[in-house]
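To keep things clear, I will list the structure first and then write my remarks on it.
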Amino acid sequence: MIEISNVRKSYGDTIVVQNVSLQIPRRGITSIIGPNGAGKSTLLSMISRLAPITAGTVKVDGLDVTKTPSDVLAKRLSILRQDNRVTSRLTVRDLVEFGRYPYSKGRLTAEDRAQADKAIGFLGLEALSDRFLDELSGGQRQRAYVAMVLCQDTDYVLFDEPLNNLDMKHAVGMMKLLRQAADTMGKTIVLVLHDINFASCYSDFIVAMRDGAVVRHGPPAEIMTSEAMREIYDMDVEIREIQGRRISIYYT
Amino acid sequence: MRENRPSIHGILILAALATGVIVLFMTVGAKGRWDFILPFRGMKILSMVLVAYAIAVSTILFQTVSHNRILTPSIMGFDALYILIQTSLIFAIGSAGVTALDPRLLFACEVAVMVAFSSLLYRWLFSGSSRSLHLLVLVGIVFGVLFRSLSGFMQRIIDPNEFVVLQDRLFASFNTVDGDLLAVSALAVLIVSIIVWRLMHVYDVLALGRETSINLGVDHNRMVTIVLILVAVLVSVSTALVGPVTFFGLLVANLAYQLAGTHGHRFVLPIAVLLAVICLVGGQLILERVFAFDTALSIVIEFAGGIVFLALLIRGASR
């Protein structure tokens with residue numbers, strides 16, 4: 001379980017995240033939604049120790065993320081941000097094998113290689129595994145990074161907008177994959193998503209943020225209502241139930 | 001791993017080339033007694049190898065932590081600081097005073113000041129909310145200019161005789177290397193190398209960027225500080241031995257990336273060191289035997305190296 005208590009983040013006088021207290025349950029997919037500038041990515045960065053916390057604590061399985069050694073945490077929790085640029089020339093396999101670094105510190109064992117193969121297979125990257133990252137399309141590169149964090153084999157996997165750069169087919173494929181990882185491997189996956197319909201269809205739990213605070217949280221059925229959408233996005237959104245799923249229609 | 005074989009081949013070929021150049025340097029044009037020539041040239045070779053090593057390793061590590069392949073430590077004002085230290089010393093206590101100081105103690109102080117400067121600069125720039133590389137470079141350039149102007153100012157108002165002494169210290173060549181200083185430098189480089197070697201696995205991860213390396217469990221701030229301190233020591237060593245050599249590191253590092261064909265620092269670092277030895281010893285050989293000391297080593301290296309570098313860039317662009 002991820003326990004967030006009274007977390008605040010401010011840059012000078014600007015408060016980005018204010019007094020967020022939240023418990024993210026073990027197993028399953030939790031999506032964080034909300035308008036731009038709501039503090040979603042900042043919250044995710046603080047949970048994953050990428051950004052310092054101004055006040056409050058975050059505990060992952062009882063480990064305080066600011067006090068636990070980084071290499072211990074790297075075996076429990078992994079994070080993938082949206083913009084990943086690499087200056088060195090790496091192949092997909094090289095990148096995925098970096099996911100084993102917390103365990104092997106650069107000396108790969110046979111088991112590490114097997115894990116890397118598994119992650120490459122899981123993402124369907126076998127044919128691309130010897131290609132260099134700079135020769136891939138944005139979506140392929142995104143999948144390679146996802147393979148890396150899955151290869152890290154942590155209980156908690158955090159993604160900041162994993163659907164960026166992906167077309168419809170690959171976006172659906174990615175969400176199905178994450179669902180599968182949560183269901184079959186027992187992972188706890190936390191996502192920042194912009195497309196609320198994906199959040200509605202694939203999450204077990206949705207956290208809605210606005211102006212640096214959590215305004216609503218609960219199962220998709222509770223969040224996917226016109227009333228909640230108005231509160232979160234300040235927008236009139238029609239919610240329809242289509243084939244048992246709540247879909248919002250906000251395009252016009 | 002499948003990409004290892006060509007790299008190991010490359011390292012062996014380069015090692016053979018480097019040995020060849022060193023043997024040539026030791027023997028070509030030798031007239032007279034070998035028991036004089038060998039120790040005399042051996043000292044030169046040792047200092048060149050130390051400098052080559054220091055420049056190659058410091059440039060590659062600096063480029064790794066700054067995620068940029070056209071930066072060198074001199075951008076951060078490292079060698080300008082060295083010039084400033086030398087100038088202030090002569091300015092404050094005079095050349096007689098400086099000569100009276102133990103060179104080993106002086107060297108230790110210089111390294112300490114440079115390490116303190118780099119870690120301070122890093123702490124100040126990276127502990128805040130902004131972690132902009134451009135800011136770091138800009139501040140480095142501004143500091144470099146400040147240090148150079150301060151040195152220039154002091155150089156203009158000191159006694160002309162003192163200035164000659166100072167100039168001699170700043171443009172020390174491989175022909176006037178102090179034996180004591182060489183021993184201290186070798187010791188410093190050895191200690192740094194042990195640390196560099198022990199951290200070998202971290203550099204590849206650091207090259208992935210701050211966020212990815214934190215995700216993989218690397219204490220990014222601490223590691224970058226350590227690497228910058230190592231870089232500061234290496235730059236001090238090379239600058240203290242021969243004076244500032246700026247373009248050389250950039251050239252060797254980029255040639256090494258091109259030749260290595262892999263990202264692994266355990267290949268790139270040895271290749272860069274061997275290339276640096278070949279360039280430096282080869283350049284000095286050409287300087288001594290072809291141009292009969294009529295020109296400066298940096299001119300030879302930068303002319304030949306620049307052409308190779310351009311050729312590589314053009315080849316890379318057309319690929």
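In what follows, chains carry the letters A, B, and so on, assigned in the order in which the sequence lines appear, proteins first and then strands, with residues in each chain numbered from 1.
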Looking only at atom types and distance, does a side-chain atom of B:Arg210 sit under 3.5 Å from a main-chain N or O of A:Leu50, one as donor and one as acceptor?
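Judged by distance alone, yes, a pair lies under 3.5 Å.
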Residue pair B:Leu216 / A:Gly99: nearest heavy atoms and the distance that separates them:
CD2-CA, 4.0 Å
Specify the closest pair of heavy atoms between B:Asn215 and A:Arg49, including all atoms of both residues, with the distance to one decimal.
O-NH2, 3.7 Å
Go through the atoms of [X] and report whether side chain, backbone, both or neither lie under 4.5 Å from a heavy atom of chain B.
X	value
A:Val149	side chain
A:Leu95	side chain
A:Leu73	neither

Going by heavy atoms in the side chains, are A:Phe98 and B:Asp204 under 4.5 Å from each other?
yes
Does A:Lys105 NZ have over 12 foreign heavy atoms under 6.0 Å away?
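Count over threshold, so yes.
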Would the number of heavy atoms belonging to other residues, nucleotides or ligands and lying under 6.0 Å from CZ of A:Arg179 be above 12?
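It does: A:Arg179 CZ has more than 12 such atoms within range.
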Heavy-atom distance under 4.5 Å to chain A: side chain of B:Val218, backbone, both or neither?
both
Could you grab the distance from atom OG of A:Ser48 to atom CD of B:Glu211, nearest 0.5 Å is fine?
8.0 Å
